Amino acid sequence: MSRVGSKSSMEAGRVVVSHERGFTVSEAQSAPTPEANDDVYDVKAIEARWGSYWEEAGTFVPLDDGSRERRYVLDMFPYPSGDLHMGHAEAFAMGDVVSRHWRHCGYDVMHPIGWDSFGLPAENAAIKNNQHPAEWTYKNIETQAGSFKRYGISADWNRRLHTSDPEYYRWTQWLFLELFKNGLAYRKDSPVNWCPKDQTVLANEQVVNGKCERCGTEVTKKSLNQWYFKITDFADRLLDEMDQLEGHWPDRVLSMQRNWIGRSHGAHVRFGIQASGAQPAHDVTVFTTRPDTLFGATFMVVAVDAPLAAKLVTDEQREAFEAYRESVKVLSDIERQSSEREKTGVFLGRTAINPLSGEEIPVWASDYVLADYGTGAIMAVPAHDQRDLDFARAMDLPVRVVLETGEEDPAVSGVATVGEGTLVNSGDLDGLNKAEAIAQAIGIVESKGLGEATTTYRLRDWLVSRQRFWGAPIPVIHCEHCGEVAVPDEQLPVRLPDDLRGEALAPKGQSPLAAAEEWVNVACPSCGGAAKRDTDTMDTFVDSSWYYLRFASPQSSTAAFDAEAVKNWLPVGQYVGGVEHAILHLLYSRFITKVLQHLGHLDFPEPFSALLNQGQVLNGGKAMSKSLGNGVNLGEQLDEFGVDAIRTTMVFASPPEDDVDWADVAPHAMQKFLARAWRLANDVTSQPGVDPAAGERSVRSATHKALHDALELLDAGKFNVVIARTMELVNAARKAIDGEVGGADPAVREAVETVAVLLSLVAPYTAEDMWDRLGHEPSVANVPWPAVDESLLVEDTVTAVVQIRGKIRAKLEVAADISEDALRELALADDAVKRSVGDAEIVKVIVRAPKLVSLVVK
RNA sequence: GCCCGAGUGGCGGAAUUGGUAGACGCACCGCACUCAAAAUGCGGCGACGAAAGUCGUGCGGGUUCGAGUCCCGCCUCGGGCACCA
């Protein structure tokens with residue numbers, strides 16, 4: 001068959017025939033007529049034929065008229081660095097399965113696409129090429145947009161957005177001002193993470209193992225005045241409202257966010273510091289999660305870099321203290337945070353009074369206590385905290401056990417005891433267990449006004465200033481008289497100057513915008529006096545923390561998002577993207593949604609109802625990278641195997657959340673499968689609309705079984721198995737066509753039409769072409785999911801198994817509706833069963849008709 | 001150290017509520033068609049064994065008529081947090 005086709009294709013003079021796999025790859029400039037290659041699965045021709053159809057026909061533009069239930073599917077929008085790569089191909093293939101599935105189910109699906117187009121690489125390219133970052137950015141966006149269209153994503157192109165468009169960042173600036181006006185954005189001086197290479201500050205979330213998340217340079221500390229968003233105000237909500245994501249978000253993402261927020265419950269306890277010479281008395285509050293061990297506190301430690309330490313130190317000790325503080329400063333964060341390091345510190349010359357025992361204890365400064373966690377000061381309980389014990393042993397300080405656990409004395413073993421036990425040496429707390437003692441100690445402290453129960457978090461406020469150019473300018477004007485003044489709404493957006501190029505954008509430790517004097521110097525909106533713009537831009541994670549809202553009404557010029565449209569579409573029903581954003585983007589987006597809800601702009605607390613983290617695409621067990629030279633070029637793969645084969649390979653390889661190793665997969669096999677499926681459409685000889693009820697029952701059963709299974713599998717997210725079921729249906733249809741049933745049987749048409757619908761989830765071109773060949777109007781994407789006829793799922797006969805001592809000894813072909821008694825008798829009468837039972841006595845017979853009989857013998 | 005997740009053929013992976021382990025595919029082997037190759041179609045393919053059969057889902061126990069699935073104790077791998085009091 002195929003030879004005839006390929007021959008005629010060759011005669012047509014514009015087809016490169018690749019015989020080894022039974023399909024051809026033509027170099028046709030325009031869509032060939034179907035007749036030219038009727039029997040050959042010509043990937044290029046099929047792609048050319050449908051390449052622009054969907055966008056022109058508006059197939060994937062939602063109706064948005066309320067006639068159908070709305071659903072919102074979103075893929076994490078790409079950053080426009082060059083062309084699409086294998087990772088995009090994987091992620092967007094997954095998102096498209098959901099989008100297309102929901103469309104078949106009759107939902108009005110919104111599946112928008114846009115670009116996260118502010119960011120450093122554009123700026124670096126601009127410096128190198130003496131350009132404006134916009135040139136590189138928008139060129140890459142066009143390249144990627146073209147590739148997405150080729151990739152056949154069921155996207156609504158009318159909603160396209162770019163965060164670097166003034167029409168977009170005008171509203172990013174509005175968002176900033178909403179936080180600013182409501183006390184949720186503020187400036188403070190503090191030591192911040194500084195990347196010496198990128199010459200900009202970084203958020204905590206962007207420092208990975210002490211290194212810059214972007215460029216890998218070791219991060220240093222720098223004291224700067226910077227803008228922060230008060231994400232810590234929302235720490236409890238960010239934690240507690242994760243409950244509603246449970247089961248819909250991957251466990252690991254929830255776990256990562258919980259770890260990151262790091263809530264711990266404990267108490268603040270005030271210790272009095274005694275006056276010493278010229279130094280007055282002073283109260284110091286410590287945070288502890290173990291108030292039960294208060295009687296075991298044998299010294300106090302203050303963070304050496306906290307202002308408190310400098311305040312407390314006596315004149316006699318000042319010199320030693322300052323020398324120590326300097327020695328700590330030169331350590332990198334990595335060195336400082338190593339738990340392997342020996343404990344160091346210096347005595348501050350003061351003593352504190354333990355508020356419960358009245359005991360006098362020395363006050364030390366050390367770098368193992370962090371200035372910006374808790375209160376920057378701790379009560380040290382060496383018997384029950386390993387770090388305190390290490391310090392006590394290094395400084396020869398006393399160790400007192402107050403919780404008897406039955407383990408060796410920590411002072412001897414060097415191992416702090418942290419488990420359960422009974423309180424000792426602790427006054428009124430003696431005899432209590434740990435939990436009781438914690439509650440009791442907090443009660444005592446509170447009643448005496450010496451402290452209170454409290455909660456602290458690992459999470460820090462979100463540092464959003466960046467000393468870079470290619471981002472949304474912070475819309476604040478600094479005026480000597482009026483202070484920080486919000487840029488008035490009608491002056492938004494604060495546009496980036498478009499005349500800076502090349503070297504003018506190079507990092508200098510302050511934003512390149514500072515040098516644009518015309519831009520910087522403005523009249524104060526409040527008093528009209530001379531004032532200066534804030535020259536920093538916002539972290540690009542601010543841009544992406546609200547884009548999912550913008551998609552509901554991307555053209556709105558009167559609001560960041562239209563309230564009605566957001567009500568209609570949000571929250572996102574299915575969000576798809578990589579796990580690398582488990583903390584950064586997802587935490588920020590959740591925070592911003594909660595802020596906007598808090599301010600009355602939204603009426604839901606969580607932006608993404610369900611999250612799917614697709615795996616990575618590896619090659620040879622490792623992530624693709626330039627340095628390893630194991631990269632696979634997506635465009636070349638698409639050229640060689642076709643879009644559909646690559647998409648199908650991505651989805652079939654493994655469950656969506658697992659990694660795909662390109663060395664282990666076989667795109668040519670998927671191409672073969674698609675060709676096999678496509679050929680079915682040519683072999684259907686009945687007319688469209690023929691009643692399948694008249695068709696062969698066994699074929700119909702296979703069809704409806706596939707439909708039934710596919711629905712459950714799609715809902716369970718097992719997309720790879722959906723393809724396996726589709727393959728089975730293709731095999732069954734092939735068998736029917738080649739066998740006695742024949743291509744004219746209506747059941748064969750039903751089967752092949754079902755194949756086209758199932759295939760449309762991953763192979764849009766092939767599916768659309770099949771649908772066309774089957775005599776239908778496009779698009780197969782809009783075909784309602786065929787209803788499953790339950791009666792066809794019931795088989796006439798089933799194989800029952802007989803187990804003896806749990807092992808299968810016989811298989812019986814029985815009627816599906818066999819009674820328990822009949823099945824029992826049949827099993828007991830079976831020769832193989834009799835032989836296996838032998839002389840043993842049958843104690844019990846368990847029957848699960850029609851599938852199983854289990855004999856208990858002794 | 002604490003917290004999540006995962007271990008199934010040569011490989012990727014299947015397996016409703018415990019009920020035929022290995023679906024589907026890759027690789028490999030064979031057959032048909034062909035002068036031949038490719039393509040296509042059909043068949044085989046966990047291990048040991050001639051067969052009957054025995055063993056088999058990381059390891060050790062347990063519950064059950066029956067465990068990949070449930071319980072207890074481990075091991076290994078991947079990921080997150082970590083001098084966070």
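Quick note on labels: first sequence line is chain A, next is B, and so on, each numbered from 1. Given the structure is predicted, the values throughout are model-derived calculations rather than measurements.
Look at A:His668 and you'll find a side-chain N or O under 4.0 angstrom from OP1 or OP2 of B:rA27. For B:rG43, one of the phosphate oxygens OP1 or OP2 lies less than 4.0 angstrom from a side-chain nitrogen or oxygen of A:Lys735. In this structure, A:Asn731 reaches the B:rG25 phosphate: one of its side-chain N or O atoms is under 4.0 Å from OP1 or OP2. Of the side-chain N and O atoms in A:Arg676, one or more sit less than 4.0 angstrom from OP1 or OP2 of B:rC42. The side chain of A:Tyr368 places no N or O atom within less than 4.0 Å of a non-bridging phosphate oxygen (OP1 or OP2) of B:rA85. Contact annotation: A:Arg679 reaches the phosphate of B:rG41 (side-chain N/O to OP1 or OP2, under 4.0 Å). The side chain of A:Ser255 contributes no N or O atom lying less than 4.0 Å from OP1 or OP2 of B:rC81.
Using atom P as the reference point in both B:rU69 and B:rU17, the two lie 14 Å apart (nearest Å). B:rG9 sits 7 Å from B:rG22 when the C1' atoms are compared, rounded to a whole Å. Separating the C1' atom of B:rG79 from that of B:rC31 is a span of 49 Å, rounded to the nearest Å. Distance noted for atom P between B:rC33 and B:rA52: 32 Å (whole Å). Going from the P atom of B:rC11 to that of B:rA47 covers 11 Å, rounded to whole Å.
Between the side chain of A:Ser854 and the base of B:rC65 there is at least one donor-acceptor pair of N/O atoms closer than 3.5 Å. For B:rG1, its base never sits under 3.5 Å from the side chain of A:Gln386 at any donor and acceptor pair. With hydrogens and angles ignored, no donor-acceptor pair closer than 3.5 Å exists between the side chain of A:Asp664 and the base of B:rG12.
For A:Glu740, the CD atom is loosely surrounded, since the number of other residues' heavy atoms within 6.0 Å does not exceed 12.
At the heavy-atom level, A:Lys811 lies under 4.0 Å from base atoms of the strands shown. The residue A:Pro655 sits close only to the backbone: its heavy atoms come under 4.0 Å of sugar-phosphate atoms, none of a base.
The one candidate from A:Val381, A:Leu403, A:Leu356 that meets the side chain to side chain contact (heavy atoms under 4.5 Å, CB included) condition with A:Phe295 is A:Leu356.
The glycosidic torsion of B:rG12 lies more than 90° away from 0, which places this base in the anti conformation.
Put simply, CG on A:Asp251 and CH2 on A:Trp249 are 12.5 Å apart, with the number rounded to the nearest 0.5 Å.
Using bins of under 30°, 30° to 60° and over 60° for the plane-to-plane angle, the ring pair A:Tyr588/A:Trp462 lands in the parallel bin.
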